Amino acid sequence: MNKLSAYLLSLALCGSVVADQAGMNTALEHWEQLMREYQAALKVAKTPNQLEAIRKPNGEEVALLLWHSVNKKTGKRKQLIKPTDEERMNGASDTYKEVPTYEFQQPWAAQAVVWFLNHPEDFATVFNNKSRQISYFANAMLQSVEEVHYASPFIAEACAKLSESPSIRIYELLQKIYTRNQSTSAKAGAAMAMAILLSNPAIASAEKSPEAAKHKQLYFLRQSIQLAPENAMFGNVPLDQVALELTYALQNLSLDAVPPQIEVLDKDGNKQKFPKPGNPTLLFFWTPEESIGLDIVQRQHLLTNQFPGLQFCPITVNQPQEDFQAMLEKHGIEQAYMDNETNAGGQTYRVSQLPFAVLVNERCRILFIGFPNQQLQAALNNHFNAKDNEEKPKVLINGEDASLLEDDEPVLQPGSRPDNVDTPSNDVPPLRDMPEF
């Protein structure tokens, strides 16, 4: 900690930092100075060791200073509390309760709120990682954006981070920013964030059809490009780069699109290309270090038995051929492929988590893409004649019928992202997040 940091931190701890807009500006100026010093150090570093020695600025002290400047209670207000659907069926109705108000809900505090939204880990340290306090104030911060800060031009800087949270609440908030904020930068950021969120099935399902969702996605993508000022950024990435990435995904990696063909190596070192017309194909990216994917690949015969004609193509990272063969032998895997020497297959399909599945039909049209879950089960059942599958055990997801299998566990596990997958970096938005695959 440098002298300025120590001084500011001591002021915060003893209560000498002004808890108002001036205090907020002081904290933000301190952060900007730290970032300038960090960027300057990166520019002058000449060797890998010098680069490795440079550490990103610690945001914890800034978070403490910033929180001290905007956390003062300003009074109380009545807040509408809506019951859940289940509670409403049991006779519950809308109620009001008194809740405290804070300075971060004031219009002048928009920059502080945006900083906290962009640095959630540092925000959590303010409360010593106490989950109840973090949850309460994180929700209060989001409410302040929904009610006040959506109109601030500074909210443009938070749109990239908001796009990482696929929820209807966030989507509706972005719609409010897009329609009611007067800043073209904020409108452009909100439009890009909504275009990204519409790639998520949970968000897209609210539209009338997949085609309607894709049409709206393209509309917001065009709007973001048209509204954005020159050299606009989306998070830490140029907005036009994000637009190009999303366009690639829409053209090549969305439902009903024809994905690029990739070249992989079989266990004998022969080159193979997938997908190819003729048979429905399930491309399955995995590594033996990840248990869910390994379990699926080890019992791939259950998939092909349940869905006759399915070509299952498990693809792992490139490695020496002898290591690949030894790995397959160790885990008892008869059929598998590995990516080429540059791991272009994983990059082509923008694999951002493992395992990762791409199901295509006989005409190479995408039926499913993403983490294997219940939606993949549904896509397989629908394609392979759901009526014929009614009498067959569901080998893809947990359920009563799983006991009928020769193995004790189902092949594909439902769920979201595996625990061992790294959280996307704050430096790049999710669409550009590439694993070492």
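These numbers come from a predicted model, not from an experiment. Position 1 is the first residue of the sequence, and the numbers go up from there.
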Against the six-membered ring of Y150, is K176 placed for a cation-pi contact (under 6.0 Å from the centre, within 45° of the normal)? yes

If I take atom OG from residue S205 and atom CD from residue Q375, how far apart are they, to the nearest 0.5 angstrom? 9.0 Å

Do N252 side-chain atoms and Y248 backbone N/O form a donor-acceptor pair below 3.5 Å? yes

Minimal heavy-atom distance between C159 and A190, with the atoms involved, is SG-N, 3.5 Å

Side-chain donor-acceptor pair present, K76, T101, cut-off under 3.5 Å: no

Quick one: are the ring centres of Y337 and F274 less than 6.0 Å apart? yes

Is it true that E147 and R77 make a salt bridge, defined as a side-chain N closer than 4.0 Å to a carboxylate O? yes

How close do I203 and P166 get, heavy atom to heavy atom, and via which atoms? CD1-C, 4.0 Å

Would you tell me whether E61 and H30 have side-chain atoms, one donor and one acceptor, within less than 3.5 Å of each other? yes

Between T316 and T287, do the side chains contain a donor N or O and an acceptor N or O under 3.5 Å apart? no

Any side-chain to backbone donor/acceptor pair from Q106 onto E103? Under 3.5 Å, distance only. no

Could you pull out the closest heavy-atom pair between F104 and H149, with the gap in Å? O-NE2, 2.8 Å

Looking at every heavy atom in both P57 and L34, which two are closest together, and how far apart are they? CG-O, 3.7 Å

Least distance between heavy atoms, A202 atom then I168 atom: O-CD1, 4.2 Å

Quick one, I196 with V242, criterion side chain to side chain contact (heavy atoms under 4.5 Å, CB included). Give me CA distance, side-chain angles, the key distance, then yes/no. CA-CA 9 Å; I196 291 173; V242 182; 4.1 Å; yes

Given 3.5 Å as the limit, does a donor-acceptor pair link the side chain of S183 with the main chain of A186, or not? yes

Thinking salt bridges, do K330 and D323 make one under a 4.0 Å N-O criterion? no

Looking at the rings of F356 and Y349, which for Trp means the six-membered one, are their centres under 6.0 Å apart? no

Tell me if the aromatic rings of F127 and W67 count as close, with their centers under 6.0 Å from one another. yes

What distance do L174 atom CG and I177 atom CD1 have between them, rounded to the nearest 0.5 Å? 5.0 Å

So for atom CZ, which belongs to R132, do other residues, nucleotides or ligands contribute more than 12 heavy atoms lying within a distance under 6.0 Å? no

Short side-chain to backbone donor-acceptor contact, S224 and L221, under 3.5 Å: yes

Any donor and acceptor pair, going by atom type alone, linking the side chain of E207 with main-chain N or O of S209 inside 3.5 Å? no

Given M141 and F123, is the side chain to side chain contact (heavy atoms under 4.5 Å, CB included) satisfied, shown in steps? CA-CA 11 Å; M141 284 276 175; F123 179 67; 4.0 Å; yes

Keeping the roles fixed (side chain from Q105, backbone from S144), state whether a donor-acceptor pair exists under 3.5 Å. no

Within the structure provided, determine whether V62 and W115 are in side-chain contact (heavy-atom separation under 4.5 Å). yes

Given I54 and Y38, is the side chain to side chain contact (heavy atoms under 4.5 Å, CB included) satisfied, shown in steps? CA-CA 8 Å; I54 299 172; Y38 171 66; 3.7 Å; yes

Does NE2 in H215 sit with more than 12 non-hydrogen atoms of other residues, nucleotides or ligands closer than 6.0 Å? no

Under 3.5 Å: donor-acceptor pair, side chain of D240, backbone of I225: no

Among side-chain atoms of Q377 and N381, is any donor-acceptor pair under 3.5 angstrom? yes

Rounding to 0.5 Å, atoms CG (L173) and CD (E146) come to a distance of 5.5 Å

Please check this pair: side chain of T179 against backbone of Q175, looking for a donor-acceptor N/O pair closer than 3.5 Å. yes

Side chains of L303 and I296: closer than 4.5 Å at any heavy-atom pair? yes

Could you walk me through whether D94 and R88 pass the side chain to side chain contact (heavy atoms under 4.5 Å, CB included) check? CA-CA 9 Å; D94 294 352; R88 198 178 292 278; 3.1 Å; yes

Closest contact, heavy atoms only, C313 versus T281: SG-CG2, 3.8 Å

Does the side chain of P238 come within less than 4.5 Å of N231's, by heavy atoms? no

Atom pair CD1 (I333) and CE (M327), whose distance is rounded to the nearest 0.5 Å: 6.0 Å

With no hydrogens and no angle check, do the side chains of Q33 and R36 hold a donor and an acceptor under 3.5 Å apart? yes

Between atom OG of S199 and atom CG of L246, what is the distance when rounded to the nearest 0.5 Å? 5.0 Å

Using the ring pair (Phe, Tyr, Trp, His ring centres under 6.0 Å) definition, which of the options F307, F284, W286 pairs with F312? F284

For K130, is there any backbone N or O sitting under 3.5 Å from a side-chain donor or acceptor partner on Q133? no

Are side-chain N/O atoms of T342 and N340 paired as donor and acceptor at under 3.5 Å? yes

Are W31 and H119 near enough that their ring centres are under 6.0 Å apart? yes

Cationic N near anionic O, under 4.0 Å, E164 to K161: yes

If you measure from CD1 on I170 to CG on L142, what distance do you get to the nearest 0.5 Å? 4.5 Å

Side-chain heavy atoms of L359 within contact of I366, under 4.5 Å: no

Under 6.0 Å from the six-membered ring centre of Y178 and within 45° of its axis: does the NZ or CZ of K187 meet both? yes

So which of R299, Q298, Q300 actually passes side chain to side chain contact (heavy atoms under 4.5 Å, CB included) with L302? R299

Does the side chain of L218 reach to within under 4.5 Å of the side chain of T247, using non-hydrogen atoms? no

A side-chain contact here means heavy atoms from C-beta on lying under 4.5 Å apart; do K97 and K78 qualify? no

Kindly indicate whether the side chain of L367, heavy atoms from C-beta on, has any atom under 4.5 Å from the side chain of P280. no

Side chain to side chain, F220 and M192, heavy atoms closer than 4.5 Å: no

Backbone of V317 reached by a side-chain donor or acceptor of Q319 within 3.5 Å: yes

